[in-house]
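Numbers here simply count residues along the sequence, with the first being 1.
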Amino acid sequence: MNWIETIIIAIVEGLTEFLPVSSTGHMIITQNLLGIPQGDPFVHAFTFIIQFGAILSVVCLYWKRFFKFDNTPAPEGSSWFQRMKHRYYFYWLLIVGVLPAVIIGLLAKKSGVLDWLLDSVEVVAVMLVVGGIFMLFCDKLFNKGSESTPLNEKRAFNIGLYQCISVIPGVSRSMATIVGGMTQGLTRKRAAEFSFFLAVPTMAGATLLDLLDLLKGDTTWATSHNITMLVLGCAVAFVVALLAMKWFVSFLTKYGFKAFGIYRIIVGSIIIILLLTGHSLAMVD
């Protein structure tokens with residue numbers, strides 16, 4: 001990967017990480033269009049690591065909420081654990097919400113399924129269309145949220161279960177968790193914001209696992225060029241995601257999912273047609 005390819009992929013990641021269009025799917029498509037070889041351990045790791053760069057923009061944009069603690073007294077007679085949970089309840093919900101993804105993600109990675117999925121542009125294309133069709137109707141199905149609905153452990157865990165679906169490239173972690181939040185009675189805005197928050201520990205874990213895999217395997221990838229590309233990719237994804245995030249919350253709150261559904265269907269259908277007619281996505285061979 002050269003620096004131009006790195007910047008292009010990082011821009012795509014920053015723009016799509018918080019949109020319900022699958023950032024991983026779009027990066028796989030972009031890599032194919034650029035003719036970047038699939039199956040390379042560094043390319044796999046790069047795909048996840050720069051996503052964490054984008055996710056850090058959540059901490060920056062929502063830092064007041066991300067570092068806000070509950071300083072009110074815990075109920076009388078509370079145990080040490082209950083007092084800690086009371087003070088750090090926001091983080092406790094993130095832990096509960098991320099647990100399903102940790103289990104499913106580790107199983108998928110250990111079995112090799114995750115690596116196979118990341119090499120399949122066909123899976124991305126099909127899931128873009130399937131998810132797009134679903135999004136045409138999901139606003140009517142689940143748009144009954146309330147600002148007064150409390151976000152508790154059960155709802156956080158259920159949203160985490162929805163997040164597991166996004167292990168399939170093309171599904172979109174953002175879409176899965178936002179829809180999951182809406183099924184739990186949250187408004188689109190509250191569901192989107194919790195989706196952003198939940199992305200932080202999820203992508204932090206995925207990034208750490210990929211870094212450990214890279215360090216345990218053949219370390220010939222660790223050239224100064226590749227490390228520079230990782231840093232550059234994370235920085236570009238961070239800046240672009242920061243600019244895109246607030247726009248998305250405003251757009252989603254006002255217009256819902258339909259426009260994104262139409263976009264997904266168009267992009268996925270074009271890719272499927274190209275693949276079925278024997279055309280390569282690569283712009284250069």
Between Gln31 and Thr47: side-chain donor-acceptor atoms closer than 3.5 Å: yes

Ring pair (Phe, Tyr, Trp, His ring centres under 6.0 Å) pairs touching residues 156-192, sequence neighbours excluded, are none

Give a yes or no on this: more than 12 heavy atoms of other residues, nucleotides or ligands lie within 6.0 Å of atom CH2 of Trp3. no

Report task. For the pair Val249 and Phe18, evaluate side chain to side chain contact (heavy atoms under 4.5 Å, CB included) and give the outcome as yes or no after the intermediate values. Result -> CA-CA 9 Å; Val249 173; Phe18 301 109; over 6 Å; no

*Tyr263 side-chain N/O to Gly132 backbone N/O, donor-acceptor pair under 3.5 Å*: no

field: Close side-chain approach of Arg188 to Phe142, heavy-atom, < 4.5 Å
entry: no

Q: Give a yes or no on whether the backbone of Leu274 and the side-chain of Thr277 come within a donor-acceptor separation of less than 3.5 Å.
A: yes

More than 12 heavy atoms from other groups under 6.0 Å of NZ on Lys189:
no

**Prompt:** With a 4.5 Å limit on heavy-atom distance, are the side chains of Tyr62 and Met245 in contact?
**Reply:** yes

| Polar contact flag, side-chain donor to acceptor under 3.5 angstrom, Ser174-Ser172 | no

In this structure, CE of Met229 is separated from CD1 of Ile49 (nearest 0.5 Å) by 13.5 Å

Between the CD1 atom in Ile55 and the OG atom in Ser23, the distance rounded to the nearest 0.5 Å is 7.5 Å

Query raised in the report: With a 6.0 Å cut-off on ring centres, are Tyr255 and Phe251 close enough?
Result: yes

Please list, one pair per line, the donor and acceptor atoms closer than 3.5 Å that link side chains of residues 194-201 to other protein atoms, with sequence neighbours excluded.
unit_1	atom_1	unit_2	atom_2	d
Ser195	OG	Arg173	NH2	3.4
Ser195	OG	Thr177	OG1	2.6

